Amino acid sequence: MDFSSPPVFWTAYISSNLVALLMLLSSWKKPAVARFLYFLLFGWASIVNHRTATYTPEVYQEYADYAILPFYRSFILGWFTGHITTTVNTIAAVQLFISLSMWGKGWFFKAGAICGIVFLVAIAPLGLASAIPATLMMAFGLWLLLRQLHIRYLWHTLFKEVSVNGDRFSDDSIS
């Protein structure tokens, strides 16, 4: 996509914020749906970032133009320029962890949600390039999920009852 085109940029920006609002509302009203949406979002981001960092890493330098904080601009145009592929592939690995953690429970889910919150808040100073306030809405949505202290795997929550060998039992009996 050519984000240098204003119609494309603003369409992506508005769409990102609408999706973030949907994720925030889902976190509040339908946590299982929200967890699945965060799984999709961070999984997709991991793949896109890995491919972009591998094949066209120079595009990440364009984020400097949108940075709200001078420190971010200096970092992107400085140290980061020589380490784009390694840095972004590390971020992609963390995004994959966040994505997979949405299916988990206990410490695994909590660690992923915390990493997601930190990541989303950390990219907010990229301003319009991070579709601000979308990242902050998503971070707040993860915080809402984290506060619920999920003790079940996502698939237990999505499927209230399961059938094994003809026996039906609720997710409360699943450990």
Side-chain angles (χ1 to χ4, degrees), residues 1 3 9-54 60 63 66 87-175:
M1 252 187 227
F3 289 107
F9 179 87
W10 289 110
T11 299
Y13 176 84
I14 292 167
S15 299
S16 295
N17 277 280
L18 290 173
V19 167
L21 187 58
L22 171 70
M23 293 175 79
L24 177 59
L25 291 172
S26 295
S27 295
W28 180 39
K29 293 288 190 182
K30 299 281 186 188
V33 171
R35 287 173 68 179
F36 186 72
L37 292 174
Y38 281 104
F39 159 74
L40 293 175
L41 171 75
F42 280 103
W44 170 79
S46 176
I47 293 166
V48 168
N49 278 322
H50 169 69
R51 290 183 53 82
T52 304
T54 302
Y60 290 100
Y63 291 121
Y66 297 96
T87 304
V88 176
N89 277 328
T90 301
I91 291 168
V94 172
Q95 289 172 323
L96 180 61
F97 166 72
I98 297 165
S99 175
L100 296 175
S101 76
M102 293 298 111
W103 286 93
K105 68 177 185 176
W107 70 267
F108 185 59
F109 172 78
K110 291 176 189 176
I114 291 168
C115 286
I117 292 167
V118 169
F119 172 77
L120 291 165
V121 170
I123 65 170
L126 294 174
L128 293 175
S130 69
I132 199 164
T135 56
L136 298 177
M137 285 189 279
M138 287 184 231
F140 187 64
L142 277 173
W143 179 78
L144 288 174
L145 293 176
L146 186 60
R147 285 187 39 106
Q148 295 173 18
L149 300 173
H150 284 283
I151 57 171
R152 291 186 180 90
Y153 293 108
L154 180 58
W155 59 86
H156 292 169
T157 307
L158 287 173
F159 308 105
K160 293 286 186 192
E161 292 184 351
V162 294
S163 177
V164 177
N165 297 330
D167 298 328
R168 292 183 84 51
F169 52 95
S170 72
D171 62 346
D172 292 331
S173 64
I174 302 172
S175 54

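As the structure is a computational prediction, the values presented were derived from the model and not from experiment.
With contacts defined as side-chain heavy-atom distances shorter than 4.5 Å, the pair Phe36/Ser26 does not qualify. Residues Thr54 and Val88 form no side-chain contact, since every pair of their non-hydrogen atoms from C-beta on lies 4.5 Å or further apart. Contact check for Met23 versus Leu144: no side-chain heavy atoms found under the 4.5 Å cut-off.
With values rounded to the nearest 0.5 angstrom, Leu24 atom CG is found 6.5 Å from Phe140 atom CZ. How far CZ of Phe109 is from CD1 of Ile114: 9.5 Å, rounded to the nearest 0.5 Å.
Between Phe119 and Ile91 the shortest heavy-atom distance is CE1-CG2, 3.7 Å. Minimum heavy-atom separation, Ala53 to Asn89: CB-OD1, 4.1 Å. Across all non-hydrogen atoms, the minimal contact from Cys115 to Phe97 is SG-CE2, 4.1 Å.
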Cut-off 3.5 Å, no hydrogens considered: what does the side-chain donor-acceptor table look like for residues 120-138, sequence neighbours left out?
from, atom 1, to, atom 2, distance (Å)
Ser130, OG, Ile123, O, 3.2
Ser130, OG, Ala124, O, 3.4
Ser130, OG, Gly127, O, 2.9

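With respect to Ile117, the side chain to side chain contact (heavy atoms under 4.5 Å, CB included) criterion is satisfied by exactly one of Ile98, Leu146, Leu145: Leu146.
In this structure, Ser99 contributes its side chain and Gln95 its backbone to no donor-acceptor pair below 3.5 Å.
Using bins of under 30°, 30° to 60° and over 60° for the plane-to-plane angle, the ring pair Tyr13/Phe9 lands in the parallel bin.
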